[in-house]
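Hydrogens, waters and symmetry mates play no part in the numbers below; they use all other heavy atoms, side chains included. As the structure lists them, so they are numbered: ligands from 1, and atoms in each ligand from 1. Counting from 1, the numbers follow the sequence of the chain as shown.
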Amino acid sequence: MSRLRAAAALDVEGALKQVEAAIAQAVDCQEPLLRQMVAELVRAGGKRMRPRIALLAFDACGGGEADLDKVVDAAAAFELIHTASLVHDDIIDQSPLRRGRPTVHVSYGTPHAIVAGDFLFTQGFALSGRLPKEVIRVTAEACVRLAEGEVMEQRLLAEEVDEESYLTIIAKKTAEPIRACAMTGALLAGAPKEVVEALGHYGLEIGIAFQIADDVLDIAGNPAETGKAVGQDAKTGVLTLPVGLNEAGTDPGWDAKTFRSMARQTDPEELRRLLQETGAIDKARGVAQKYSDRAKARLAVLPPGPSKDALVALADSVVKRRS
Ligand code: FPP
Ligand code: MG
């Protein structure tokens with residue numbers, strides 16, 4: 001702790017506005033249709049959780065004004081890469097809705113959606129490319145894990161998935177990029193190695209909690225709040241934790257294959273009732289809480305300050321989230 005400078009009291013909301021400006025600039029291009037597609041995506045917003053984590057980690061590790069532009073670029077890059085991966089994920093998952101609007105492939109067709117995603121990836125990496133080598137390495141590694149997680153999930157769609165494989169998939173497809181955001185903030189603040197690692201663990205664990213909360217929302221969420229169709233993962237056979245934890249409609253255990261094939265054919269309302277009755281939804285929420293608590297404990301390496309408090313609050317909010 002003594003090797004960290006005191007937190008610099010960054011104006012996080014102000015810095016997030018700079019991130020929005022960097023994103024807006026990055027998605028400008030000459031082709032009107034492409035510009036329209038990506039502008040709609042960016043306008044649809046999102047939680048901006050990844051940029052927020054990068055900025056908070058930077059400030060909590062004592063990052064100063066001189067490096068603010070770098071962390072703003074990194075935060076914008078992570079959001080662009082994340083948005084790109086969602087455009088492609090929605091094609092793969094055949095999802096009709098995202099952030100309360102028709103998905104890009106529904107509005108503009110799959111060929112255009114593929115290219116829009118590629119464009120966003122490219123612009124994300126154009127921003128990352130200006131950053132120190134270690135940040136580029138961490139970002140590229142997270143993207144490798146993202147791709148591995150997405151393909152592993154699809155490869156195992158019709159296979160038995162044990163608890164360990166389930167956790168590997170969600171760590172790769174969701175938590176690794178969040179880990180990279182937290183590490184990047186710490187790296188750009190010049191934090192010592194053990195602090196960068198601790199922040200990395202925080203990101204990984206908060207990311208796992210976030211994805212489990214997402215899994216619960218797939219079953220028990222309100223589309224008016226989530227902006228996504230309910231039961232989409234269940235319908236397409238993507239394993240979610242409440243489904244994995246449900247054992248033949250009785251006591252929650254792990255019996256993913258049997259129940260998953262049944263979940264595919266079950267009406268979303270009926271599935272929610274069943275998983276609520278068996279306690280699988282509550283049990284999944286409990287697992288998310290466990291990861292959120294672990295994430296918070298990682299922050300012990302940081303000196304007290306508003307950004308540390310905000311990182312703690314963020315770990316609490318991912319478990320409680322309704323959207
Ligand atoms: C959402 O999960 C999926 C992701 C966050 C990962 C998508 C990754 C890719 C398409 C691969 C990207 C490739 C590279 C090279 C970076 P979900 O379907 O459970 O969540 P959802 O309910 O929000 O759709
Ligand atoms: Mg999806």
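- Interface atoms of ligand 1 facing Ser85, defined by a heavy-atom separation under 4.0 Å, are 7 (C), 8 (C), 10 (C).
- Heavy-atom proximity to Gln211, at under 4.0 Å, picks out these atoms of ligand 1: 19 (O).
- Per residue Asp89, closest N, O or S atom to the Mg ion (ligand 2): atom name OD2.
- For Asp93, the N/O/S atom at the shortest distance from the Mg ion (ligand 2) is named OD2.
- No side-chain donor-acceptor contact under 3.5 Å links Tyr166 and Glu153.
- Among all non-hydrogen protein atoms, the one lying nearest atom 18 (O) of ligand 1 is Asp93 OD2, 2.7 Å.
- Near Lys228, with a cut-off below 4.0 Å to any heavy atom, the atoms of ligand 1 are 21 (P), 22 (O), 23 (O).
- Proximity of Pro132 to Leu187: side-chain heavy atoms (C-beta onward) are nowhere separated by under 4.5 Å.
- The shortest distance between side-chain heavy atoms of Asp59 and Lys308 does not fall below 4.5 Å.
- Proximity of Arg98 to ligand 1, defined as any heavy-atom pair under 4.0 Å, is confined to the side chain (atoms from C-beta onward).
- Looking only at distances, no side-chain donor or acceptor of Asp73 sits under 3.5 Å from a matching main-chain atom of Arg130.
- Close approach of ligand 1 to Lys173 (heavy-atom distance below 4.0 Å) involves ligand atoms 2 (O), 4 (C), 5 (C), 6 (C), 17 (P), 19 (O).
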